[in-house]
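One structure is given here, and the rest of the page talks about it.
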Amino acid sequence: MDVVETIHDLRQRRRIQGINQVVGVVPTMGDLHAGHLRLVDYCREQCSFTIATLFVNPLQFGPKEDFANYPRALAHDRAELEQRNVNLLFTPSIEEMYPEGQSAHTTVAVPELSDQLCGAARPGHFNGVTTVVSKLFQITQPDYAYFGEKDWQQLTIIKRMVRQLNMPVEVIGVPTCREADGLAMSSRNRYLSRDEREIAPALFQTLREVATHLHEGSTAYADLEASASNQLREVGFRPDYVAIRDPVTLRLPSAKHESVRVFGAARLGRARLIDNIGVER
Ligand code: PAF
């Protein structure tokens with residue numbers, strides 16, 4: 001596996017591949033777990049040349065968020081990616097990505113989708129994501145790009161950005177990897193104490209109960225959301241939201257909607273956990 005730190009070196013390696021390779025990219029912020037490695041596996045299956053990127057993007061963290069403490073594990077990540085036969089790893093510095101500084105940087109923003117759900121709790125977060133992801137697409141010029149469904153809102157926003165800006169890349173969503181007790185894998189699970197780790201799977205369980213009610217035909221969306229939030233509060237979470245939405249527009253679904261998605265975000269100790277489940281009716 002080749003490891004490069006500059007855009008110049010990345011471009012050079014990418015150019016050598018020419019048009020004969022099917023190039024896939026897996027953008028990550030590192031501290032890789034089985035969920036990331038599943039993205040790599042999907043990429044390796046579909047593409048002949050796999051690029052992974054590892055960059056903890058300061059632009060998508062709020063001033064009071066965990067940018068400074070976000071887990072960093074470069075040597076471990078490198079070894080995992082090497083073992084997975086990734087062809088090229090890009091690990092740029094902040095200066096390489098934002099040479100004129102972060103506040104002077106051009107922003108890519110996807111309106112409507114970016115301001116709600118996690119965007120309401122984390123103002124500016126998704127603009128940071130779409131800005132860095134569009135830069136990574138420009139730099140790596142992939143045919144395919146892989147993102148986890150755990151971050152469903154992010155995935156939806158990136159798909160819309162790609163479509164509206166006519167970017168020549170196909171965005172692939174990859175199913176969420178879960179621990180044996182159902183907790184969605186996330187680098188932020190590291191922040192949980194042992195007691196909190198025992199409580200954490202209740203987020204997925206609660207969303208699953210909502211999904212069951214929806215599957216059985218309930219359309220009392222507001223009631224289901226409110227009682228799920230209460231349930232989370234009772235076991236010790238501080239919920240940001242439980243929300244039933246259209247999976248593509250993220251708008252409130254009508255009673256006739258056949259396909260809906262249940263989203264949840266809740267704080268537990270130092271961690272903010274998110275999860276979501278699709279429901280077909
Ligand atoms: O999902 C993530 O890890 C990040 O938001 C991403 C897509 C790598 C952009 O920094």
Side-chain angles (χ1 to χ4, degrees), residues 7 10 24-43 50-62 65-74 76-78 80-81 86 88-94 96-98 102 105-110 113-114 117-119 121-140 142 144-162 165 167 169-177 184-191 263 265 271-276:
I7 295 166
L10 187 293
V25 69
V26 180
T28 82
M29 297 207 300
D31 192 34
L32 305 180
H33 49 64
H36 295 108
L37 299 177
R38 185 182 280 185
L39 302 181
V40 171
D41 289 344
Y42 269 63
C43 186
T50 292
I51 305 174
T53 72
L54 195 166
F55 178 60
V56 184
N57 172 35
L59 217 56
Q60 68 188 74
F61 288 79
E65 292 185 357
D66 56 346
F67 174 69
N69 301 323
Y70 195 84
R72 288 157 171 93
L74 182 57
H76 159 268
D77 294 345
R78 243 178 114 138
E80 292 280 355
L81 294 170
V86 165
L88 182 56
L89 170 61
F90 180 49
T91 58
S93 64
I94 295 178
E96 182 70 8
M97 291 297 274
Y98 303 118
Q102 294 165 49
H105 202 282
T106 303
T107 308
V108 178
V110 178
L113 295 183
S114 296
L117 302 176
C118 284
R122 306 182 67 191
H125 166 67
F126 287 116
N127 293 354
V129 171
T130 41
T131 298
V132 80
V133 169
S134 50
K135 280 175 72 77
L136 292 169
F137 286 175
Q138 295 287 352
I139 294 165
T140 60
Y144 295 92
Y146 299 82
F147 298 89
E149 289 185 350
K150 181 182 73 82
D151 300 299
W152 185 276
Q153 186 176 8
Q154 167 174 284
L155 177 63
T156 307
I157 290 171
I158 291 169
K159 281 185 175 164
R160 186 178 285 187
M161 171 185 81
V162 160
L165 293 181
M167 295 178 171
V169 51
E170 188 171 334
V171 173
I172 311 287
V174 176
T176 303
C177 257
M185 288 193 190
S186 161
S187 300
R188 290 187 168 103
N189 293 349
R190 276 180 194 279
Y191 299 155
F263 298 87
R272 182 176 182 279
L273 305 181
I274 63 173
D275 207 341
N276 66 87

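Indexing begins at 1, ligand by ligand and atom by atom, following the structure's order.
Of the listed options His125, Gln60, Lys135, Gln60 places a heavy atom closest to atom 4 (C) of ligand 1.
Shown in contact with Val132 at under 4.0 Å from a heavy atom are these atoms of ligand 1, numbered in order with element: 9 (C), 10 (O). Of all atoms in ligand 1, numbered sequentially from 1 with element shown, those under 4.0 Å from a heavy atom of Thr28 are 8 (C).
The two residues Cys43 and Val25 make their nearest non-hydrogen contact at SG-N, 4.1 Å. Considering every non-hydrogen atom in both Asp31 and Asp77, the closest pair reads N-OD2, 2.8 Å.
Inspection of the Asp66 and Tyr191 side chains reveals an N or O donor paired with an N or O acceptor under 3.5 Å.
The nearest protein atom to atom 3 (O) of ligand 1, hydrogens excluded, is given as Met29 CG, 3.7 Å; this is a heavy-atom distance. Gln154 NE2, 3.5 Å is the protein heavy atom nearest to atom 7 (C) of ligand 1.
With sequence neighbours left out, the side-chain contact (heavy atoms from CB on, under 4.5 Å) criterion links Ile94 to Phe55, Pro58, Phe67, Tyr98, Gln102.
Within the structure, side-chain hydrogen bond (donor to acceptor under 3.5 Å, both in side chains) pairs that include any residue of residues 146-156 comprise Gln46-Tyr146, Trp152-Thr156 (at least two apart or interchain).
Contact annotation for Ile158 and ligand 1: no heavy atom of the residue comes within less than 4.0 Å of the ligand.
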